[in-house]
Number of protein chains: 2
Amino acid sequence: MVKQPIADPTGDGDRDDTTETKILDAAHAVFLRVGTAGARMQEIADEAGVNKALLHYYFRSKERLAAAVFERVARGLFARLGMVAMSDIDLETKVRRIIAAYLDEFVRTPYAPGYVICEMNQNPDRAQQLLSMVGAPVSDTVPAVPFLGALAKQIDERVAAGQMRPIAPRQFLANLVSLCVFPFAARPMLSVVFRMDDAGFREFIEERKAVLPEFFLNALRP
Amino acid sequence: MVKQPIADPTGDGDRDDTTETKILDAAHAVFLRVGTAGARMQEIADEAGVNKALLHYYFRSKERLAAAVFERVARGLFARLGMVAMSDIDLETKVRRIIAAYLDEFVRTPYAPGYVICEMNQNPDRAQQLLSMVGAPVSDTVPAVPFLGALAKQIDERVAAGQMRPIAPRQFLANLVSLCVFPFAARPMLSVVFRMDDAGFREFIEERKAVLPEFFLNALRP
DNA sequence: GTCTATATTAGGATAGAC
DNA sequence: GTCTATCCTAATATAGAC
């Protein structure tokens, strides 16, 4: 396993070098590399350049530290999707922007998709945590996840106007996200099957930036 | 975490109740539930109904046991895909069959996709292991993974005949697999976002069986 | 706030009886 | 082959000096 420290995991340029931040950044890097269960507190302390006892001083336990990292990563994952999906632009442009945003983001943070999938599959508490993040449902008609409603409306409009084949909004979104996220989550597998090294994978993703928008939009032509 | 013992993990109906098989089945169930790093040998022994020392008698170490389970799961994942992809039928039928086969398979073994993704992301040895399973490349022109070549030939033919939009074979396959596998790997996440319980997810997948073939084939219409 | 030193348990692995 | 008992390291967590 090649070490790959993350200088700015959130990618938002917050560079306050408090000890707490250093620890959280280090935990971020380590948890994403080897998974929560596989990570060692000592390894995180080393990566942060601080003493192991400090991790407990700031976060009390490994579990709390893990929760903090998960929160940050999950928020990052949904933030862009939400912003684009809620913006006031036509559906086709949204699709193009979501694809571009995700592919670009994961080139910078390649471990994030796999990490979130692993974490959510292996730790039941994470589902609850994610639920509290995306918010409880407002009512029976207003879905909890706000951008789902915005998307559904636009899809229904285009379908009604005969500009798009009918598709359930959740299938629409599932397809879009699958196509963007899966190759990153399954990168080690794809690298074996397609014989790609790091450069080869980057090339594969570049290729994909052109392929995906046409593929997806074409799929819904009437 | 709800326990969900797997009666016949491989789904091939091999029911020889040797102790070794019982242990492997138990390890299979536990590793897929909580991940390799998160699993405890004691937990596996309990699930198998045998003494912890027996695990070491048959498999020497946790790592070897983990490798055995990974081998079995990965083989199962590629077996169906390979069989269908190499069969002597037209491309459109292949696509339909691959989708149907995967969705049906994962309804029976819901943890498999997430497990393989986690395992391959968190343990570098697995890439090597998978590589030795799918085989080394035969030559520069013959790809290692045999069904890739078969698919590529059919794609090129259809593209040349003007029956399909041009697409790189690896992008074709990546799209197909992404659409089938991702929703299972990301099931806990989708369940939160789309507010689905177990029954709801089954319904979502049923819906998907109809959506995916049309979506995919339509995407490649000229 | 940050360190050193230590407590305490967990968990993989083995020895040896049967 | 299967069990009981035990070893021993690794790993989380805390106490207490500075």
Side-chain angles (χ1 to χ4, degrees), chain A residues 1 3 14-71 115 118-119 122-126 129, chain B residues 1 3 5 14-72 115 118-119 122-126 129:
Chain A
M1 170 72 70
K3 269 208 169 188
D14 70 343
R15 297 289 75 221
D16 52 340
D17 262 356
T18 67
T19 302
E20 183 167 352
T21 305
K22 272 198 303 193
I23 291 175
L24 194 58
D25 287 351
H28 191 129
V30 172
F31 282 144
L32 265 67
R33 243 181 359 234
V34 299
T36 304
R40 300 295 152 228
M41 295 295 268
Q42 184 60 56
E43 195 181 349
I44 295 172
D46 292 347
E47 176 106 10
V50 301
N51 191 279
K52 196 172 49 134
L54 271 189
L55 310 199
H56 289 94
Y57 176 79
Y58 282 103
F59 293 91
R60 271 193 77 81
S61 71
K62 181 182 176 182
E63 163 54 29
R64 280 168 188 258
L65 185 51
V69 169
F70 177 79
E71 177 103 11
Y115 163 78
C118 296
E119 197 66 11
Q122 292 170 359
N123 188 342
D125 295 343
R126 297 292 171 251
Q129 199 181 338
Chain B
M1 171 71 72
K3 269 209 168 187
D14 70 342
R15 298 287 76 221
D16 53 340
D17 262 357
T18 66
T19 301
E20 184 168 352
T21 305
K22 272 197 306 193
I23 291 174
L24 194 58
D25 287 351
H28 191 130
V30 173
F31 281 143
L32 264 66
R33 242 178 4 231
V34 298
T36 304
R40 300 296 153 229
M41 295 296 267
Q42 184 59 58
E43 196 181 348
I44 295 171
D46 292 346
E47 176 107 10
V50 302
N51 192 278
K52 191 169 59 130
L54 270 189
L55 310 197
H56 289 93
Y57 176 79
Y58 281 103
F59 292 92
R60 270 197 84 78
S61 72
K62 182 183 177 182
E63 163 54 29
R64 280 168 188 259
L65 185 52
V69 168
F70 177 78
E71 177 104 10
R72 196 162 73 160
Y115 163 78
C118 297
E119 197 66 11
Q122 293 170 358
N123 187 342
D125 295 344
R126 298 288 172 254
Q129 198 181 338

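Each chain gets a letter, A, B and so on, in the order the sequences are listed, and its residues count up from 1.
- The CZ atom of A:Arg60 sits 10 Å away from the P atom of D:dA15 (whole-angstrom rounding).
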task = Let me see the working for A:Arg40 and A:Asp46 under side-chain contact (heavy atoms from CB on, under 4.5 Å), right down to the final yes or no.
result = CA-CA 10 Å; A:Arg40 300 295 152 228; A:Asp46 292 347; over 6 Å; no
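- Following rounding to the nearest Å, B:Lys62 (NZ) and C:dT14 (C1') show an atom-to-atom distance of 18 Å.
- Here B:Tyr57 lies in heavy-atom contact (under 4.0 Å) with a base.
- Set against C:dG1, D:dG1, C:dC3, the side chain of A:Tyr58 has C:dG1 as its closest nucleotide.
- One can place CG of A:Leu65 at 16 Å from P of D:dA11, the figure rounded to the nearest angstrom.
- For C:dT2, the OP1/OP2 oxygens have a side-chain nitrogen or oxygen of A:Thr19 closer than 4.0 Å.
- Both A:Glu63 and B:Asn51 lie close to DNA chain D; mapped to their nearest nucleotides by heavy-atom distance, the more 5′-ward contact belongs to B:Asn51.
- Here A:Ala39 lies in heavy-atom contact (under 4.0 Å) with sugar-phosphate atoms only.
- Of all nucleotides listed (D:dA11, C:dC3, C:dT14), C:dC3 comes nearest to the side chain of A:Leu54.
- Rounded to whole Å, atom P of C:dG12 lies 16 Å from atom CZ of B:Phe59.
- Two residues are said to be in side-chain contact when any heavy atoms from C-beta on lie closer than 4.5 Å; B:Gln129 and B:Glu119 fail this criterion.
- The side chain of B:Met41 lies closest to C:dG12, out of D:dT2, C:dG12, D:dA11.
- Computed from coordinates, the A:His56 NE2 to C:dT4 C1' distance equals 15 Å when rounded to whole Å.
- When rounded to the nearest whole Å, the span between NZ of A:Lys52 and P of D:dA15 equals 15 Å.
- Nucleotide C:dA10 holds its P atom 14 Å from the CD atom of B:Glu43, rounded to whole Å.
- In this structure, the side chains of B:Phe59 and B:Leu24 come closer than 4.5 Å at one or more pairs of heavy atoms.
- For the pair A:Thr19/A:Val50, a side-chain contact is recorded, criterion being any heavy-atom separation below 4.5 Å from C-beta on.
- Residues A:Phe31 and A:Lys62 form a side-chain contact, since some pair of their non-hydrogen atoms from C-beta on lies under 4.5 Å apart.
- The separation between A:Leu55 atom CG and D:dA11 atom P is 14 Å, rounded to whole Å.
- For B:Ala53, counting side-chain heavy atoms from C-beta on, the closest listed nucleotide (C:dT14, C:dT2, D:dT12) is C:dT14.
- In this structure, A:Arg40 does not reach the D:dA10 phosphate: none of its side-chain N or O atoms is under 4.0 Å from OP1 or OP2.
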